Amino acid sequence: MPQRHSKNNNDLAFFTYDEKRKLGYGTQKERLGRDSIKPFDACSLCLKPFIDPLCCQKGHIFCKECILECLLAQKKDIQRKLAAHTAQQKQEKEEEEEKILQQKARELDAFDQQNHGAVPQYSDRSSARDKNGFHGANSVKVTSYEEEALRNMKAFWLPSATPEAPIKVDAPSTSTVCPEGKEKLKMKTLFSIHFTEDNNEEKKSNSIDKTFICPSCRVTLNNTLTLVAINTCGHVFCKKCADKFIAVDKSCLACNKACKDRNLVTLQKGGTGFAGHGDHLQATEFKHLGSGSGLGLVRPSSLKT
């Protein structure tokens, strides 16, 4: 009677499908849960409930301190890259000038030797010459060309003669970018947003976290709702009220400040965890585990929906 092979049997001469999955073969997929999704009232940098929130024109929300530190760090990095690029340009210019001087020295040396009836030899005056150098077993004196070739020889098998690829530093962009949307971002384009807090005593006593509501329809804000902010005054409404009242009346429902359609900014959020919410539903980034790594059951670290 043949033996029964179960999932735990590992004495076969080949890998079973379950053993391959455990070793990391194939594509590992996972559906994001609620804990993996950023709430609408969390900072896009520190992922904590925001403090003094600022919003960009694309709808990404940041803490004031977080985005200021991020933009300052970007400016310092831009200055460092600009300094490296300037130093590289200066070095290239000096090397080009040195090559021109060496070429002129070669021409003068050749002209001088030709006028004195000698065979012209092209060599650098600045370089040290080996007068007693010999080439191989023929005991022929090393010419200037061979001497320079031996001195500048590049050989990957000799540590002292291993060639090095020059590192080119490209000219960096001088514009700071949004850490979430990767578009150009300046401090003057950020605007403060104001959420309306629910002042209901019953909800306050039952909940520790703050609850925000739409100032027009008084509905509780969450990730299932699409939120719209006005970049002139910063008040946040649900999209239904924004399309029904603000877009028609051209004024804020909370402070009666005039606004236009271009002043309405849709806020970005992490999602809801449901498959039918949002536009970007398919994961686009995966962590490559590799075959034989033993990480087949490890949760992927970079998944975007």
Side-chain angles (χ1 to χ4, degrees), residues 27-74 176-187 189-198 203-204 206-215 217-231 234-243 264-288 298-305:
T27 303
Q28 305 295 324
K29 295 183 179 179
E30 182 188 35
R31 180 173 176 174
L32 297 180
R34 182 179 178 183
D35 296 336
S36 302
I37 297 174
K38 182 181 76 67
F40 74 96
D41 58 345
C43 172
S44 298
L45 290 175
C46 64
L47 303 179
K48 297 179 181 178
F50 47 62
I51 301 174
D52 296 333
L54 294 178
C55 183
C56 68
Q57 299 299 326
K58 295 294 183 179
H60 300 106
I61 305 175
F62 310 95
C63 295
K64 186 175 182 179
E65 183 179 359
C66 294
I67 190 62
L68 290 180
E69 289 181 354
C70 179
L71 294 179
L72 182 61
Q74 289 186 33
T176 54
V177 297
C178 176
E180 190 70 15
K182 303 304 179 183
E183 70 274 359
K184 292 183 179 181
L185 180 64
K186 295 182 180 180
M187 277 299 303
T189 60
L190 295 171
F191 62 93
S192 301
I193 57 175
H194 308 286
F195 284 88
T196 304
E197 190 175 352
D198 191 3
K203 290 185 178 181
K204 269 191 173 182
N206 296 333
S207 178
I208 301 177
D209 300 331
K210 293 182 180 180
T211 303
F212 301 107
I213 60 175
C214 174
C217 61
R218 315 297 293 181
V219 67
T220 303
L221 303 182
N222 50 40
N223 272 20
T224 59
L225 296 176
T226 302
L227 307 180
V228 176
I230 305 175
N231 60 11
H235 290 101
V236 179
F237 300 87
C238 63
K239 187 171 179 58
K240 291 183 179 179
C241 294
D243 295 340
L264 301 179
V265 179
T266 303
L267 301 183
Q268 303 292 332
K269 55 184 181 296
T272 61
F274 296 99
H277 182 83
D279 299 330
H280 307 287
L281 303 177
Q282 186 176 2
T284 56
E285 292 186 5
F286 296 91
K287 177 182 178 182
H288 179 68
V298 175
R299 176 179 177 179
S301 60
S302 59
L303 284 174
K304 289 186 178 180
T305 58

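Reckoned from all heavy atoms, side chains included, excluding hydrogens, waters and symmetry mates. Note that the structure is predicted; figures quoted are calculated from it, not measured.
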- Query: So which heavy atom on Pro215 is nearest to which on Val236, and how close?
  - Reply: CD-O, 3.2 Å

- Message: Distance check, rounded to the nearest 0.5 Å: Phe62 atom CZ versus Leu185 atom CG?
- Response: 7.0 Å

- Task: Check whether any side-chain heavy atom of Lys64 sits under 4.5 Å from a side-chain heavy atom of Phe50, and report yes or no.
- Result: no

- Item | Heavy-atom side-chain proximity of Leu264 to Ile230 below 4.5 angstrom | yes

- Query: Rounded to the nearest 0.5 Å, how far does CG of Asn231 lie from SG of Cys56?
  - Reply: 11.0 Å

- Query: Are Thr226 and Cys238 side-chain neighbours, meaning at least one heavy-atom pair lies under 4.5 Å?
  - Reply: no

- Report yes or no: does Gln268 contribute a side-chain atom to a donor-acceptor pair with the main-chain N or O of Lys58 at less than 3.5 Å? yes

- Message: Side chains of Cys178 and His60, heavy atoms from C-beta outward: is any pair under 4.5 Å?
- Response: yes

- Message: Tell me the closest heavy-atom pair linking Phe195 and Leu267, and the distance in Å.
- Response: CZ-CD1, 4.1 Å

- Query: Taking atom CD of Glu65 as the centre, does the number of heavy atoms from other residues, nucleotides or ligands within less than 6.0 Å exceed 12?
  - Reply: no

- Task: Any chance you could measure Glu180, atom CD, to Ile67, atom CD1, to the nearest 0.5 Å?
- Result: 10.0 Å

- Message: Counting C-beta onward and ignoring hydrogens, is there a side-chain heavy-atom pair between Phe237 and Thr196 closer than 4.5 Å?
- Response: no

- Query: Between atom CD1 of Ile193 and atom CG of Leu54, what is the distance when rounded to the nearest 0.5 Å?
  - Reply: 8.0 Å

- Query: How are the rings of His194 and His235 set relative to one another: parallel (under 30°), tilted (30 to 60°) or perpendicular (over 60°)?
  - Reply: tilted

- Query: Under 4.5 Å between any side-chain heavy atoms of Phe191 and Val265, yes or no?
  - Reply: yes

- CG/Leu227 to SG/Cys55 distance, rounded to the nearest 0.5 angstrom? 10.5 Å

- Message: Can you confirm whether more than 12 heavy atoms, excluding those of Leu68, are under 6.0 Å from its CG atom?
- Response: yes

- Message: Looking at every heavy atom in both Cys43 and Lys38, which two are closest together, and how far apart are they?
- Response: O-CD, 3.8 Å

- Query: Could you state the interatomic distance from OG1 (Thr176) to CG (Leu71), rounded to the nearest 0.5 Å?
  - Reply: 5.0 Å

- Got a donor-acceptor contact below 3.5 angstrom from the Asp41 side chain to the Thr211 backbone? no

